[in-house]
Visitor: 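Below you'll find the structure I mean.
We name chains A, B, ... by the order of the sequence lines, and we start the count at 1 in each one.
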Amino acid sequence: MIHSLFLVNASGDIFLEKHWKSVVSRSVCDYFFEAQERATEPENVPPVISTPHHYLISVLRHRIYFVAVIQSEVPPLFVIEFLHRVVDTFQDYFGVCTEAAIKDNVVVVYELLEEMLDNGFPLATESNILKELIKPPTILRTMVNTITGSTNVGEQLPTGQLSVVPWRRTGVKYTNNEAYFDVVEEIDAIIDKSGSTITAEIQGVIDACVKLTGMPDLTLSFMNPRLLDDVSFHPCVRFKRWEAERILSFIPPDGNFRLLSYHVSSQNLVAIPVYVKHNITFREGSSQGRFDLTLGPKQTMGKAVEAVLVSSQLPRGVLNANLNPSQGTYTFDPVTKLLTWDVGKINPQKLPSLKGTMSLQAGASKPDENPTINIQLKIQQMAISGLKVNRLDMYGEKYKPFKGIKYMTKAGKFQVRT
Amino acid sequence: MSASSAFNDEKGGSSSVGEPEYGHDPASGGIFSSDYKRHDDLKEMLDSNKDALKLEAMKRIVAMIARGKNASDLFPAVVKNVACKNIEVKKLVYVYLVRYAEEQQDLALLSISTFQRGLKDPNQLIRASALRVLSSIRVTIIVPIMMLAIKEAASDMSPYVRKTAAHAIPKLYSLDPEQKDQLIEVIEKLLADKTTLVAGSVVMAFEEVCPERIDLIHKNYRKLCNLLIDVEEWGQVVIINMLTRYARTQFLNPNINESLLEEGGGGDKTFYCSDEDEDEDEEKEKQAEVSALAKRKPYVMDPDHRLLLRNTKPLLQSRNAAVVMAVAQLYFHLAPKAEVGVIAKALVRLLRSHSEVQFVVLQNVATMTIKRRGMFEPYLKSFYIRSTDPTQIKILKLEVLTNLANETNISTILREFQTYIKSMDKDFVAATIQAIGRCATNIGEVRDTCLNGLVQLLSNRDELVVAESVVVIKKLLQMQPEKHSDIIKHMAKLTDNIQVPMARASILWLIGEYCEHVPKIAPDVLRKMAKSFTNEEDIVKLQIINLAAKLYLTNSKQTKLLTQYVLNLAKYDQNYDIRDRARFIRQLIVPTEKSGALSKYAKKLFLALKPAPVLESPFKDRDHFQLGSLSHLLNAKAGGYQELPDWPESAPDPSVRNVEVKESVPEWTKCSSREKRKEKKVEKPFYSDSEGESGPTESADSEPDTGSGSESVSVSVESGSPSDSEESEESSESDEDEEEEEKEKKKKKKEIKQMQASESEQSSEDDRKRDRKIKEQKSNSESESDEDSESESSQSESSDTESEVEVKKKKKVSEPKPPSKPLKKEKKEMSLLDLDDFEPTPSPQVTPVNTFLSNSLVTDLEGLSLSDSVLSPATIAPSSALKNYELLHRITGEGLSVEYCFSRQAFSPDANMVAVQMHFTNNATSDTKNLHIEDVKLQSGMRVKEFAEIELLPAGEATTAVMGVDFCDSTQAANFQLCTHTRKFFVSIQPPVGELMRPVFLTENEFKKEQSQLMGMNEISENLTLDAKCRNEHAIVQRVTTAANLSRVPCGSDKECSPAAPPPPPPHPHPVYRFAGKTVTSGSLVLATVATKDEGAAQLTVNCEKMVIGTMLVKDLLLALTQ
């Protein structure tokens, strides 16, 4: 399936290549570079490119293109999903997935790729199995290795692949047994210029960090599972139990993993945590434009709205912006025309505002579009959909684990049209 | 930080080489000179007997390989270390070997013996890894060795080694295709393997080596289906894709005759049904009969076909986008039309993923929306475009939106397009304009609106926008130019204002092309243009010449002089193109003695009919490629693509999939096979193992236990026939598996269930029913026959409605959309660009409000309802139970009196609304006309669906109408004006809290479980003394159900228990009555419990997530029970 993999950095250099079948010359990437040149934005490079003898399927993550070379029919999503899994694994191993990190750990990267694909077909993609095979580099281990000459490669051969729960390694031991779950919800919304919601939905995930000894069997139940409109699970979750009882029952992988992601559709009205009062005008004939933005909390269930960040792509005609924020700081990049305003926390008593003028190119006609405003925010200790975890039980092991649940709401793709 | 860099730092000190491998530009010098020396150094390190040095050397070599540097000259030095004890060194040597063996075949042979030794190792993992590397060495000489190794590994004890063998097959095949026959034998053997570990890999090998040998799959088909859920995700994708092709060759098209289609469930039943029924038994034994049936009967789905659909469905919830997509394409290609809908939600979910995933999914959705638009219509808003989307995603979303556009949603979509037109991304704007053009061609009603909007766009400042709109307008006009001479006229007028040259040129072309439709204006335009000719841009000048030529040919009388003038001006133009054109045209159109034969054909040249362009989706007919495939994405056949075969005319013999007797009866048909299978298995699949009761393979098994549903051969699952739903009531647990086939249907079915449940509680005067209940409690051991009689009785009971339901069914099948969807009447004339005067849509509803059917029809269909979820009114709610409220008194209403009651039926146009039945009586002496509702005043969030206007209510007559109110689970009144042709009356409807819910059927266990989750704040209990008249079961149940629209939870006989469960305990001296319902709008559960105690004392408990509702309900129920 996957023939070769090339990693290309933002400036168009191939800095790593790996072949699983016979070697494909790196000149095949020229087709990719051509497409890259044609695309105006980095993310506009088509994910699938057809060349005379090969097909190139690429993903862009962390400003690195992962270009897979394919020779024959294969579901494109199969490759894309795999490439993303590779990136996730790198991130898991090195903390970040940057060119420097990959170059520094090139041997580990190579070992990983070797294990993840066999003859182009995915072999071991579960991080638990991989970590048994190849230990992630840590400062301590690096030190020890340097001194003793031991290696990153696990002495033990992996057992996970042979068990019925391939995602969990055997013989896990912890002195502190703990299981943490983070319920993180993101609001995706489009608000139109009059302030009414065009579309709004909630996308949520439950990320888990489970450090439990042995083979625990966990069940997680919700107060209101009916909220969850559409769910997708980590393979460890038993489908049938969910279908029948709306209870999550699973043997968790060891460490960090995403237990499930869910969707709360718009039919249950989605609470919009902030409102934006805006007045952005350009006058015909004048080289000045007015910019006036006020934020305020809307439906926040009494929780504070924090880490608010407003960004807006101003029209090309804008030369500079001379604004005055009532709190926080703003920056305007005259090249990309990107205005960002780091608001911080919204104080309901004193609403943050950003007011001022924009200077336009002299003689240029008034831009006919108004910029959209993107908002990022965070609300701690609340899941905006109202989802509540009822209880977490553990079976199969004797000890009493420490359990914790955290809720958080964020803005996802939250846009206000003006 | 990391291992390797640290190594380098350390080494950098001792060896003079430093770290040339990392981050150095090859052109930066030094490398070429040090090349030889460095390799020397590496060789030395490899030859040393210290593992650490070897490792260091190997790491550097691997780093070289990673950067694409040639390290082949180190081969001899490296290959020596293949037998090294250090695992990491060994692994890195393997990496090197696999990379360079092809180039150094002779030397590579040195390593073979090491692997051969490894193949015999007692440790399975070493065997596997030896086979893996051995098969990866692409050296032709070792083909026989590889073949032998694969064959041996294929019968290895360890499934992991067998998996590796499966992986090795395509490697060997690509090395030497002549081994195909032998390899197929191995594949056949591995296909029969029963472990999930092997399944994915061997199917992958099958796909690469012999995808045409579909016959190999027969025997393994059912096993693959059943194992699917436990296979690792990548294997799932491959298996599902393969099974899609397989199913296309082996089963009949489920949509073959849609009118008679009672699909799916029927076939299901025939296969999994009870043993007691002879017919079924026969069918189970001889599956050949099924195909015979298929010929005789309209269509019966092959049970194996159903098995595939059922077992893939849960995978829609996989986290892996590729798996979801694979299931989606399987459903799209194989499922009956009615069931395909389930995939939409999952695909929409993928739109949240990475942009590459979005890209692929949107491509597939675009293709799907052409065939099955209805599927994605509810998710219209998910395709709205954000300014931050990459352009390619925007354009695909636009494509989907355009495909989804129809008469009902076009106004919303166009409004959305208005926003897009103003985007900064000009490619996207151009695409939007084209999309508008396509909407206009597809939907006649909005063509004029779109055209008007596009015409206004002509005055846009951006040339691209203008050019694109002109092109689209041109296309639209070309379709029916005669109708739009006024637009051409309008465009002619625009020439005075529009300055964008491209637009001017396009307009001139249009006028020239259709000069016959605007005979008066065209010459005048030419006159104006001639005047300004010298000041025009070049492209405009060229079009002026064109226009002049065309006019000269059609209307030479008026324009002869003008043409000559223009041509003269052009003759002396600065631009040589224009001079050339003028010269050329003059020769062509002005007849002179010298002019050649061509001038005769001038008219044909210039006025040839230009074909109207076709505006259709680029995704049309793409579905002949298997969705989700690379070929589909590229719209071109990729190498190795396996054509998706057409459905066969008649189904091939299904018995080929039967497995030999040796295996006993095929597992999936035998109810008690669970244990056996476990024993047989080397490994227990995760889900089925831990599931016990409801594993995937068992889903069907519990069916025969219940032993009902015998008549369902002809009655499909989703027909919603009483027998079916009754059955599901009996075996709700096992049915859940069944029901997940179609969620929508499930809902409907549930509603029926609720209805019936409530019915059985409410109409307690029905003696027969009560008898039955007693019988049921008495004889649980006879439950089978009992259940039968039950389903029969309920069937006879509602037989009158059944026929109606069936009529409904047919109607439904014949038209996929909701039946009551006449065209939206008040199609607002909206201007495309006029942003300021549209009102924002008040509610996030996608589809505009359905207009009601005519009044009489509403009352006729009332009981039936459009969602076929409601039985006829007579059976649902005994009229005695309904309390009438006065809306308008006879005196204040000047003769018109109106009463209303809550009919407790689902309000079909909108399930979130409470149906209010209004009874109008005209006591006056004159007729009342035009009864309708106006000026609705509501609390925020509330909605009202008015009844259709009653045109005439003659004196002394009475009529009824039904309206829907969404009270948002509050008891706030809905205020509105009731208008007649003469008067307006202010009225209001305030619902008692008990009407804001609808009954839900729960078993006692479910009830208790739900109750346990609604403790604390959500629980309210009160002690009370029951009214003297209200101390028996009948009275309590009746009073509670009258006060609130709840259904009784059956007590005592726990329906979930299997027949073998202990008989119910003798009636408790203090019975507990439980009632369940959920609120209409939000669907929150409402649970009520009345626990009786001695001497009329009782405790009332209400559990509800909505505390306000709970409190109010407690008050109401207290009142009802104590008075």
Visitor: So for A:I80, is it side chain, backbone, both, or neither that comes closer than 4.5 Å to the heavy atoms of chain B?
Guide: side chain
Visitor: Hey, are A:D230 and B:R349 close enough for a salt bridge, meaning a charged N less than 4.0 Å from a carboxylate O?
Guide: yes
Visitor: Under 4.5 Å between any side-chain heavy atoms of A:E115 and B:K91, yes or no?
Guide: yes
Visitor: Does any backbone or side-chain atom of A:L60 lie under 4.5 Å from a heavy atom of chain B? Answer side chain, backbone, both or neither.
Guide: both
Visitor: Are A:S22 and B:R138 close enough that some pair of their side-chain heavy atoms sits under 4.5 Å apart?
Guide: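 Yes, close enough: below the 4.5 Å cut-off.
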Visitor: If I measure from the heavy atoms of chain A, does B:L1085 come under 4.5 Å with its side chain, its backbone, both, or neither?
Guide: side chain
Visitor: Okay, side chain of B:Q392, backbone of A:E43: is any donor-acceptor separation there less than 3.5 Å?
Guide: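 At least one qualifying donor-acceptor pair exists.
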Visitor: Is chain A contacted by the side chain of B:K50, its backbone, both, or neither, given a heavy-atom distance below 4.5 Å?
Guide: neither
Visitor: Considering all heavy atoms of both residues, which atom of B:K171 and which atom of A:D118 are nearest to each other, and what is their separation?
Guide: NZ-OD1, 2.9 Å
Visitor: Non-hydrogen atoms of chain B under 4.5 Å away: do they reach the side chain of A:E41, the backbone, both or neither?
Guide: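 Contact with chain B is absent: no heavy atom of A:E41 under 4.5 Å.
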Visitor: If I measure from the heavy atoms of chain B, does A:V87 come under 4.5 Å with its side chain, its backbone, both, or neither?
Guide: neither
Visitor: With a 4.5 angstrom heavy-atom cut-off, which part of A:F6 approaches chain B: side chain, backbone, both or neither?
Guide: neither
Visitor: Indicate yes or no for a side-chain donor-acceptor contact from A:E81 to the backbone of B:A321 under 3.5 Å, with no hydrogens or angles considered.
Guide: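 Side chain of A:E81 to backbone of B:A321: a pair is present.
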Visitor: Side chain, backbone, both or neither: which part of A:R391 has a non-hydrogen atom closer than 4.5 Å to chain B?
Guide: neither
Visitor: With a 4.5 angstrom heavy-atom cut-off, which part of B:E233 approaches chain A: side chain, backbone, both or neither?
Guide: side chain
Visitor: Which atoms of A:N374 come close to chain B, meaning under 4.5 Å heavy atom to heavy atom: side chain ones, backbone ones, both, or neither?
Guide: side chain
Visitor: For A:F15, is it the side chain, the backbone, both, or neither that has a heavy atom closer than 4.5 Å to a heavy atom of chain B?
Guide: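 Backbone only.
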Visitor: Heavy-atom distances under 4.5 Å only: say whether A:L314 touches chain B with side chain, backbone, both or neither.
Guide: backbone
Visitor: Given that the side chain runs from C-beta out, which part of A:R61 has a heavy atom under 4.5 Å from chain B: side chain, backbone, both or neither?
Guide: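 The side chain, not the backbone.
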